[in-house]
Amino acid sequence: MNEPLHVWLDADPGFDDYMAWALLEADPRFVVDGVGVVAGNAPLERTLSNALRIKALHGLATPVYAGCDRPLAQAQVTAQDVLGENAMKSVGRTLPAAQAALSPGHAVDALIAHVRAHPQQVVLLAIGPLTNVATAFMRAPELPGLLKCLVLMGGSTDRGNATAVAEFNIAADPEAAQCVFDAGIEVLMFGLNACRQVEVGPEHVALLRHDGGEQALLFADLLQAYTELIPGRQRMAVFDPTPVAWLANPAWFGLEPARVDVELAGRLTRGMTVCEFRVPRRAQANALVAMQADGDAVMDWAMRTLRGFLARRV
Ligand code: RIB
Ligand code: CA
């Protein structure tokens, strides 16, 4: 087997962040070198508590660091109106209260030190607001050039979810997102348009309930609540795990080069990712934007991988 892919995860747990992290830990092709936690789905205190509970529950060795607790230049917005107080709704079981130890130091400093120590070897996967990532790039301008690649769940080439046109991770810190798209590194962008081609539903919940075991049943309760987030529906797009699936098998996706900028001034459009695909004729590309996803292949892999992870005895 080839050398595993080293991944630094920047996240705002959130259930789909949990699912993405679990997939990275479960698949032997990945090594998670660190998790930087950022405010997003909920204030940092809560996203950090969720991360340390996940770490404790699964007995993970991965260090977890506290990151930025507010956006660069706007008031904090969260997704608690949709996801609930703890940013992780459940139809029953919830994450046990036990928390693992937090690693010392700020997530931004830990990210900078780690990438400097392992040049061209680390994939930075950002699945929350980009405040930590932008702060790291501002503090260490050489950092983008030292990364193996930068992959993010965020933005959209069409409809938004935080607003009519803005996706939550970008809308939660638009200035940070623009800083990242301007950092001189090609951004691999998995937006809502691609993630909405990957759906989770009752059939996936049933698989976990059939497996049984405390961890699978807990995950099933969280997953079922996630599938029911939109009133009247029992299916939901899979956001944060989608770029993880691309790392596992890029052949499941179609990506196109584009110049991506973030609207910062629009009264109705602030936080929108404006994607110019007429590159290089009309603009210099700064991103590869996911446009197609094989949702069935992604979910087959995701459920196979998750079921193995949740069956592990800690
Ligand atoms: O828009 C989806 C994104 O917002 C996901 O990362 C989800 O966890 C929330 O952070
Ligand atoms: Ca997230």
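Heads up: numbering here begins at 1 and tracks the sequence. Whatever order the structure lists them in is the order used to number ligands and atoms, beginning at 1. Predicted, not measured: the structure shown is a model, and the values here were computed from it.
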Report for the Ca ion (ligand 2), protein N, O or S closer than 3.0 Å, by chain and number, lists Asp12 OD1, Asp17 OD1, Asp17 OD2, Ile127 O, Asp240 OD2
Indicate whether any N or O donor in one side chain lies under 3.5 Å from an N or O acceptor in the other, for Asp240 and Trp21.
no
Does a side chain donor of either Gln74 or Arg270 reach within less than 3.5 Å of an acceptor in the other side chain?
yes
With a 4.5 Å limit on heavy-atom distance, are the side chains of Met291 and Asn193 in contact?
yes
Before accepting this row, confirm whether a basic side-chain N of the pair Glu214/Arg93 lies closer than 4.0 Å to the acidic partner's carboxylate O.
yes
Under a 4.0 Å threshold between the charged nitrogen and the carboxylate oxygen, would Glu276 count as salt-bridged to Arg282?
no
Please determine if Arg70 and Asp173 form a salt bridge, counting it only when a charged side-chain N lies under 4.0 Å from a carboxylate O.
no
So if I apply the side-chain contact (heavy atoms from CB on, under 4.5 Å) rule between Asp12 and each of Leu48, Leu44, Val38, which one comes out positive?
Val38
Anything under 3.5 Å between an N or O on ligand 1 and a protein N or O? List each pair with its distance, or write none.
unit_1   : atom_1 : unit_2 : atom_2 : d
ligand 1 : 1 (O)  : Asn161 : ND2    : 2.8
ligand 1 : 1 (O)  : Glu167 : OE2    : 2.5
ligand 1 : 4 (O)  : Asn169 : OD1    : 3.3
ligand 1 : 6 (O)  : Ile127 : O      : 2.9
ligand 1 : 6 (O)  : Asn169 : ND2    : 3.0
ligand 1 : 6 (O)  : Asp240 : OD1    : 2.6
ligand 1 : 6 (O)  : Asp240 : OD2    : 3.1
ligand 1 : 8 (O)  : Asp16  : OD1    : 2.6
ligand 1 : 8 (O)  : Asp16  : OD2    : 3.2
ligand 1 : 8 (O)  : Asp17  : OD1    : 2.9
ligand 1 : 8 (O)  : Asn41  : ND2    : 3.1
ligand 1 : 8 (O)  : Asp240 : OD2    : 3.1
ligand 1 : 10 (O) : Asp12  : OD1    : 3.3
ligand 1 : 10 (O) : Asp12  : OD2    : 3.0
ligand 1 : 10 (O) : Asn41  : OD1    : 3.3
ligand 1 : 10 (O) : Asn41  : ND2    : 3.3
ligand 1 : 10 (O) : Asn169 : OD1    : 2.9

Strictly below 4.0 Å, N to O, side chains only: are Glu142 and Arg116 in salt-bridge contact?
yes
For the residue pair Phe15 and Tyr18, does the interplanar ring angle fall in the parallel (under 30°), tilted (30 to 60°) or perpendicular (over 60°) class?
perpendicular
